[in-house]
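To start, the structure under review is shown below, and the notes come after it.
Just so we're clear, the structure is a prediction, and the values are computed from it rather than from any experiment.
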Amino acid sequence: MSDETPKTDAQWRQALAPEQYKVLRREGTERPFTSPLNDEKRKGTFVCAGCGHPLFTSDMKFDSGTGWPSFFTTLPGAFVTKLDFKMILPRTEYHCAGCGGHHGHVFDDGPKPTGKRFCNNGVALKFVPD
C-alpha cells in the first residue's frame with residue numbers, strides 16, 4: 001500500500017460513485033457485461049479507479065467471455081492478494097497495492113503464457129489511452 005495518509009470511509013464514499021464504493025471498498029461485484037471497459041480495445045493503461053495506480057496494459061487484456069474485463073498478467077507491484085472463502089471454496093482475491101481497493105479474483109483458466117485470468121470489475125478501473 002502507498003505511503004499516503006489513508007482515506008476514511010466517509011472520504012471514500014465522497015470520492016467514489018456508489019457502485020465503485022461497493023466494489024472497491026466493500027468487495028462487491030458488478031453485474032457481468034455492464035462495463036464499457038469489457039469491450040475496450042485501444043492501446044493504453046488500466047489504472048485503479050480509486051487511486052490511479054497502474055495495474056494492467058492493454059496488451060495484457062483478453063476476451064474471456066465472462067462479462068468482466070480480463071487480463072492474463074499484471075504490472076509488477078500492482079496488487080496484493082488474499083484468500084476469499086465467501087463462495088465456500090477458496091479463491092484468490094486481489095486488491096490494489098496503492099489504496100487497497102478490491103478489484104476481483106484470479107483464476108487458473110486464462111490463456112498462455114501465464115494460464116491466469118485476472119477477472120476485474122470494470123468500475124474499479126479507469127482506462128488511460130496512449
Side-chain angles (χ1 to χ4, degrees):
M1 301 255 288
S2 74
D3 293 334
E4 292 181 25
T5 303
K7 289 182 180 176
T8 65
D9 187 63
Q11 289 170 319
W12 279 118
R13 281 185 187 273
Q14 185 175 17
L16 300 170
E19 186 72 4
Q20 288 175 316
Y21 176 82
K22 181 183 118 187
V23 170
L24 285 165
R25 307 316 307 170
R26 294 291 171 247
E27 298 178 349
T29 302
E30 69 186 356
R31 287 189 355 246
F33 300 102
T34 58
S35 173
L37 293 181
N38 193 43
D39 297 320
E40 180 60 65
K41 302 207 183 322
R42 296 176 290 169
K43 293 286 186 190
T45 304
F46 294 86
V47 302
C48 178
C51 69
H53 186 68
L55 306 172
F56 309 100
T57 67
S58 55
D59 294 333
M60 300 169 177
K61 189 173 184 286
F62 71 99
D63 183 0
S64 66
T66 61
W68 289 281
S70 297
F71 306 85
F72 61 83
T73 192
T74 72
L75 290 169
F79 295 108
V80 294
T81 62
K82 71 175 188 176
L83 282 181
D84 165 8
F85 292 93
K86 293 177 189 143
M87 301 292 280
I88 300 180
L89 294 176
R91 302 180 297 172
T92 302
E93 181 177 319
Y94 59 97
H95 291 250
C96 175
C99 68
H102 169 76
H103 278 262
H105 294 85
V106 61
F107 301 97
D108 292 324
D109 60 1
K112 291 181 181 181
T114 65
K116 300 291 182 189
R117 173 174 52 95
F118 288 82
C119 188
N120 214 99
N121 287 280
V123 296
L125 298 170
K126 286 186 180 175
F127 180 70
V128 180
D130 282 350

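- The two residues Ala124 and His103 have their closest heavy-atom pair at O-CE1, 2.9 Å.
- In plain terms, the two heavy atoms of Phe62 and Pro111 that are nearest each other are CZ-CD, 3.3 Å.
- Residues meeting the ring-ring contact (aromatic ring centres under 6.0 Å, His included) test with His102, sequence neighbours left out: His95, His105.
- Rounding to the nearest 0.5 angstrom, the gap separating the CZ atom in Phe107 from the OG1 atom in Thr92 is 8.5 Å.
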When you look at Glu19 and Asn121, which way does the side-chain contact (heavy atoms from CB on, under 4.5 Å) test go after all the steps?
-> CA-CA 10 Å; Glu19 186 72 4; Asn121 287 280; over 6 Å; no

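- A heavy-atom distance below 4.5 Å is found between the side chains of Arg26 and Asp9.
- Residues Leu37 and Phe56 fall within the same hydrophobic cluster, defined by Ile, Leu, Val, Met, Phe, Trp and Tyr side chains chained together at heavy-atom separations under 4.5 Å.
- Listed by first and then second residue, the side chain to side chain donor-acceptor pair (under 3.5 Å) pairs involving residues 71-83 are Glu27-Lys82 (not counting sequence neighbours).
- In the hydrophobic clustering, where aliphatic and aromatic side chains (Ile, Leu, Val, Met, Phe, Trp, Tyr) are joined below 4.5 Å either directly or transitively, Val123 groups with Val23.
- In terms of hydrophobic clustering, with Ile, Leu, Val, Met, Phe, Trp and Tyr side chains grouped at heavy-atom distances under 4.5 Å, Val47 and Met60 are assigned to different clusters.
- In this structure the side chain of Thr114 never reaches within 4.5 angstrom of the side chain of Phe71, judged on heavy atoms.
- When the shell of 6.0 Å around NZ of Lys126 is examined, it contains 12 or fewer heavy atoms from other residues, nucleotides or ligands.
- Residues in residues 95-115 take part in these salt bridge (Lys or Arg N to Asp or Glu O under 4.0 Å) pairs, two or more places apart or across chains: Asp108-Lys116, Asp109-Arg117.
- For the atom pair Gln11 CD and Leu16 CG, the distance stands at 11.5 Å (nearest 0.5 Å).
- For the atom pair Gln14 CD and Lys7 NZ, the distance stands at 9.5 Å (nearest 0.5 Å).
- With sequence neighbours excluded, the residues forming a side chain to side chain donor-acceptor pair (under 3.5 Å) with Arg42 are Glu40, listed by chain and number.
- The side-chain heavy atoms of Trp68 and Asn120, taken from C-beta on, include no pair separated by under 4.5 Å.
- Residues Cys99 and Trp12 meet the side-chain proximity criterion, which asks for heavy atoms closer than 4.5 Å.
- Between Leu24 and Cys48, the closest heavy-atom pair is CD2-SG, 4.3 Å.
- Pairing each heavy atom of Gly122 with each of Ser35, the nearest pair is CA-OG, 3.4 Å.
- Listed by first then second residue, pairs satisfying side chain to side chain donor-acceptor pair (under 3.5 Å) with a partner in residues 46-61 read Lys43-Asp59, not counting sequence neighbours.
- A distance of 9.5 Å separates OG1 in Thr45 from CG in Leu55, rounded to the nearest 0.5 Å.
- In this structure the side chain of Phe72 reaches within 4.5 angstrom of the side chain of Pro113, judged on heavy atoms.
- Residues Cys119 and Ser64 are not in side-chain contact: their nearest non-hydrogen atoms beyond the backbone lie 4.5 Å or more apart.
- Between Phe118 and Phe79, the ring planes are parallel. Angles under 30° get that label, and only those over 60° would be called perpendicular.
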